[in-house]
Amino acid sequence: MRFTVLGPVEAVAPGSQPSGLAPRHRAVLAYLLLHAGVVISTDRLIDAMWGPLPPDSARAQIQTTIAAIRRILRASGADQMLATHPAGYMITPEPGRLDLDEFTNLIAKAQATSGDPQDTADQIRAALALWRGEPLADITADYVQSARARLNGQRLTAIERLAELELSLGHQDDLIDELTVHVAANPLRERLCGQLMLALHRAGRQPDALHVARTFRAALAEQQGLDPGHAFSKLEQAILRDDPGLRAPAAAPTKSQRVNFLPYDVPDFTGREGELDRLARSWTSNNGGVVTISAIDGMAGIGKTALAVHAGHLLADHFPDGQLFVDLQAHTAGQAPLDAGTALEVLLGQLGVPAERVPASVADRAAVWRSELSGRRVLAVLDNALGTDHVRPLLPGTSSALILITSRRRLTDLDGAHALSMDVLPAADAVELFTAIVGERALAEPVAVLDVLQLCGFLPLAVRIAAARLHHRPRWTVEYLADRLRDQRRRLSELATSERGVAAAFTLSYQQLDPDQQRMFRLLGLQPGRDIGPDAAAALVNLPLERAEMLMEDLLDAHVLAQYQPGRYTFHDLLREHALATAAAEESPSAQREALGRLFDHYLHTAGTAIDHLYPENKNRRPHIPAPDTLASSPQDEAEAVRWLNAERANLIAVGHHTAGHGWLTHTSQLAATLHRYLLGHAHHADALALHGLALQASRRLGETVAEARTLLDLGEVHYWWHGHYEQAAEHYRHALNLSRDIGDQGTEARALHNLGNVYKRQREYDQAHDHYRQSLALFRESGDRAGEASSLTNLGLVHEHQGRYEEAHDHHRQALHVYRETGSRIGETIVLNNLGLVYQREGRYDQARRHHRDALHLCRRHGFPGDEAESLNALAEAARSMGDLTQAVADHDAALAVAREVGYRPEQARAHDGLAHVHRDLGHIDLARDHAQQALDLYTALDVPEADDIRTFLSDLHQL
């Protein structure tokens with residue numbers, strides 16, 4: 001955890017964003033950090049925050065704040081930093097974790113230095129570089145004004161000491177602009193004004209120096225009624241008479257005289273503040289006779305070289321002995337990688353070593369390189385490295401050097417190096433970069449700009465090329481460019497100029513992979529999903545799991561694959577297109593189809609295995625998918641099944657779309673039938689509608705009437721269950737019923753009759769519902785469908801309940817519960833427990849009712865059935881209201897409403913609003929009751945159910961109150 005107080009207060013975990021603490025929390029954290037290592041009492045914190053008039057809640061606020069700070073520390077594994085003592089709290093950041101401690105330590109180190117003034121000045125500059133504007137910039141608390149003044153005083157003292165050292169080194173020309181800024185901000189700082197006067201005088205600007213003196217005198221007299229001190233007046237008089245004693249000493253080498261071989265630093269460099277800060281901190285934490293190596297890795301076009309060069313220019317002042325650069329050409333088109341001997345020759349030449357002193361052998365050159373760097377403070381950029389072995393001979397020994405290495409590969413074997421893996425630009429930085437290149441046209445079309453950036457994948461190289469194309473085509477609009485980039489067939493060709501291109505950069509990365517890695521890369525481009533796991537990749541490339549996973553890890557290290565969570569691999573969008581294009585160029589159509597066939601068979605079989613664990617009672621309704629030859633692994637229990645389905649859901653839906661559009665129609669139909677219960681029960685209704693719609697088209701194109709009828713039933717269940725589109729559901733059921741009778745499919749006929757019974761029950765047409773359930777029950781029993789039998793039984797129980805036939809209702813529900821438990825159906829058990837609870841409520845046996853609803857709720861939450869969770873909560877609320885526990889009723893209905901809204905379950909949203917309207921009426925909250933009743937009426941009306949008339953009458957009665 002990194003803490004900053006020398007600017008906006010932040011607590012940042014490594015590799016993450018700022019913690020997001022509230023302003024009051026940051027104020028308390030900052031106060032503790034300002035007194036690190038000291039026990040601070042609660043009373044002292046209250047006094048620091050609010051002064052003599054704290055609010056009554058001050059102590060509670062402090063306790064809440066300490067708890068919030070602990071959560072942030074705990075999340076980053078640093079909870080031991082904040083300790084509680086009998087007398088209060090003490091925070092103790094680890095060395096290098098607090099910018100104020102770093103500043104103080106560097107200043108102390110500079111003060112202890114008795115040797116080279118330039119080294120001392122560099123130490124102070126490193127300390128001042130830690131400041132990020134005004135200390136405690138975003139904090140408002142009673143203590144802040146005095147603390148800020150104290151910190152600013154320390155900073156100004158350091159600035160004055162630095163100016164003294166630079167003047168002693170004869171660097172007055174470089175110092176004038178810097179001192180002018182500080183004097184403008186601190187016009188009454190006498191020593192600072194004197195140093196600016198001396199620098200101006202030594203630079204031959206005597207009138208300007210005397211003007212500074214007059215300005216200071218006037219400001220001091222006006223604001224404080226004082227005259228300058230004796231030392232200032234003495235300096236002023238010496239300048240007036242051009243005293244020879246004021247002349248500058250012989251100048252040490254200045255910035256302009258130091259060797260700097262860094263390439264051009266692009267003026268529109270944008271963002272990367274976090275990366276730059278990490279590079280700076282990696283050096284300052286090691287500063288003092290130790291080589292610092294920072295290895296910057298990332299995919300082609302991510303901006304590694306630009307970052308290293310920009311960082312080199314920013315840090316140049318800290319390396320007075322030179323800034324060196326060598327392009328190792330590992331990924332340069334038409335060039336072989338630069339060998340170590342040649343690279344050492346270049347670097348030694350930049351240090352000024354004569355050609356005659358450069359030995360012939362690599363080992364001897366490396367020895368001279370280490371010797372020349374010993375005792376020097378040098379920054380060197382080793383750009384475009386192939387790997388660890390490529391740069392190992394170029395590393396110095398003992399030296400105050402910073403070595404920045406860039407590579408498309410992770411340099412995992414480079415011991416002691418600070419690794420920095422670059423990602424694409426954040427959206428705001430990408431917009432800033434694009435706008436800096438394009439100009440006003442970008443400001444006029446902000447939405448189109450975001451479209452272009454997304455199509456570029458926020459890859460810096462792609463963003464620069466797209467912006468440059470637009471900049472040089474004044475008649476193009478941003479939207480026109482976006483339209484051109486939307487065409488995937490030519491997107492990569494659009495992102496190219498005569499000298500550089502995204503595809504060309506990717507090709508170089510691909511060419512440096514070995515044959516097995518290349519095959520894995522291009523076949524991964526075929527898969528239609530967004531990411532992939534090792535088991536699916538093993539099926540795709542027809543390799544053992546361990547070998548497939550090893551190859552993907554190799555591609556990850558080469559930055560042609562990315563990983564945003566363990567065990568899942570993905571492409572950058574543009575690399576995905578390049579992989580697909582490469583597969584089309586290098587794999588035959590039959591090889592591509594065989595690879596996809598293996599992948600689709602893997603997904604189908606594994607999905608079927610997972611669904612069988614979750615819904616064993618419906619196994620006979622799903623297509624049987626034989627295990628493929630390439631099977632790597634399958635879920636072994638319910639928990640693994642849920643994890644696998646949740647992780648692969650988006651890929652499975654993508655497979656459904658791909659198979660439907662590319663002639664794999666049987667796969668589409670089988671996939672939809674396999675996933676139906678999971679998508680329905682886990683609230684993925686949008687995916688279910690899309691997939692079943694594709695499956696319906698596929699079954700009709702194939703002429704498979706059985707599949708068509710079953711898909712119609714699945715579609716109808718989605719409409720019925722989640723959306724409450726009962727007539728649309730009934731239309732699908734009737735169509736399926738007719739088809740099933742035409743072909744003599746009793747199983748599908750039974751389901752259609754049963755589902756039509758659900759519609760009639762929902763519309764309170766209980767006699768028709770009873771008739772359909774009885775018919776479906778007979779057919780389910782005849783065909784041996786235990787799940788269908790249990791569902792018909794429990795729904796008959798619901799009909800009997802509504803008809804007041806409670807004993808028959810209990811009997812049917814218990815028969816259903818027995819079947820569901822026998823077949824291992826958790827969802828079925830949940831449904832029956834809730835249904836039994838409803839019968840107990842009708843009988844006034846509320847304790848038994850609540851027990852059954854609670855058991856159902858436990859199963860819902862344990863197995864992830866959000867729709868049934870909402871039903872359980874609403875039923876619990878209704879039982880609580882009947883028992884007079886109105887507070888609990890409100891809480892349970894609110895919870896049901898939240899779950900139902902989250903998953904889009906409209907019938908239970910309506911039920912929750914209905915219940916809340918009645919409970920608030922009972923509580924005397926008439927306005928709330930009217931509001932909930934109106935929302936219930938709107939939903940019931942849209943659902944076209946009889947409850948609309950009931951709530952309309954209730955709402956009318958409310959308006960009379």
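In this structure a side-chain-to-backbone donor-acceptor pair under 3.5 Å is present from D321 to R377. One N or O on the side chain of Q512 and one on the backbone of A330 form a donor-acceptor pair closer than 3.5 Å. The backbone N or O of A401 sits nowhere less than 3.5 Å from a side-chain atom of R376 that would complete a donor-acceptor pair. Side chain of S168 to backbone of L165: a donor-acceptor contact under 3.5 angstrom is found. A donor-acceptor contact shorter than 3.5 Å is absent between the side chain of W131 and the backbone of G7. Between the side chain of H572 and the backbone N or O of L561 there is no donor-acceptor pair closer than 3.5 Å. In this structure, the side chain of K304 does not engage the main chain of I405 through any donor-acceptor pair within 3.5 Å. Within the 3.5 Å criterion, the main-chain N or O of L262 finds no donor-acceptor partner in the side chain of Q323. Looking at T4, its side chain does come within 3.5 Å of a backbone N or O of E10 through a donor-acceptor pair. Using a distance-only test at 3.5 Å, with no hydrogens or angles considered, a donor-acceptor pair links the side chain of H471 to the main chain of I437.
If you check the side chains of T104 and D101, you find no donor sitting under 3.5 Å from an acceptor. Under 3.5 Å, the side chains of Q517 and D554 contain a donor-acceptor pair of N or O atoms. Looking only at atom types and distance, the side chain of D297 has no donor-acceptor partner in the side chain of S407 under 3.5 Å away.
Between the CG atom in L351 and the CG atom in L324 there is a gap of 5.0 Å [rounded to 0.5 Å]. Distance check: S421 OG to E275 CD gives 10.5 Å after rounding to the nearest 0.5 Å. Atom-to-atom distance recorded for I465:CD1 and L495:CG is 6.0 Å, nearest 0.5 angstrom. Atoms CE and CD1, on M552 and I532 in that order, are 6.5 Å from each other to the nearest 0.5 Å.
Applying the side-chain hydrogen bond (donor to acceptor under 3.5 Å, both in side chains) rule to D423 yields no partners; only residues at least two apart in sequence or on another chain are considered. Among residues two or more places apart in sequence or in another chain, the side-chain hydrogen bond (donor to acceptor under 3.5 Å, both in side chains) test is passed with D265 by H310.
Electrostatic pairing of D531 and R568 counts as a salt bridge here, judged by a charged N lying under 4.0 Å from a carboxylate O. A salt bridge does not link D413 to R392: none of the charged nitrogens lies less than 4.0 Å from a carboxylate oxygen.
Ring centroid separation for the pair F521 and F571 comes in under the 6.0 Å cut-off.
The two residues P393 and L344 make their nearest non-hydrogen contact at O-CD2, 4.0 Å. Residue L485 comes nearest to C456 through the heavy atom pair CD1-SG, 4.3 Å, listed as atom of the first residue, atom of the second, then distance. Considering every non-hydrogen atom in both A427 and F458, the closest pair reads CA-CE2, 3.7 Å. L470 and V438 make their closest contact through CD2-CG1, 3.7 Å (heavy atoms, listed as atom of the first residue, atom of the second, distance). Between G501 and L461, the shortest heavy-atom distance links the atoms O-CD2, 4.1 Å.
The closest side-chain heavy-atom distance from V358 to R365 is below 4.5 Å. The shortest distance between side-chain heavy atoms of F261 and V346 does not fall below 4.5 Å. Residues L513 and S509 form no side-chain contact, since every pair of their non-hydrogen atoms from C-beta on lies 4.5 Å or further apart.
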Inset, instruction - Would you sort out whether L402 and I293 count as a side chain to side chain contact (heavy atoms under 4.5 Å, CB included), showing the intermediate values? - result: CA-CA 6 Å; L402 171 59; I293 301 170; over 6 Å; no
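Other residues, nucleotides and ligands contribute over 12 non-hydrogen atoms within 6.0 Å of the CE atom of M422.
Partner of E166 under the side-chain hydrogen bond (donor to acceptor under 3.5 Å, both in side chains) criterion, out of R125, Q172, Q118, R161: R125 alone.
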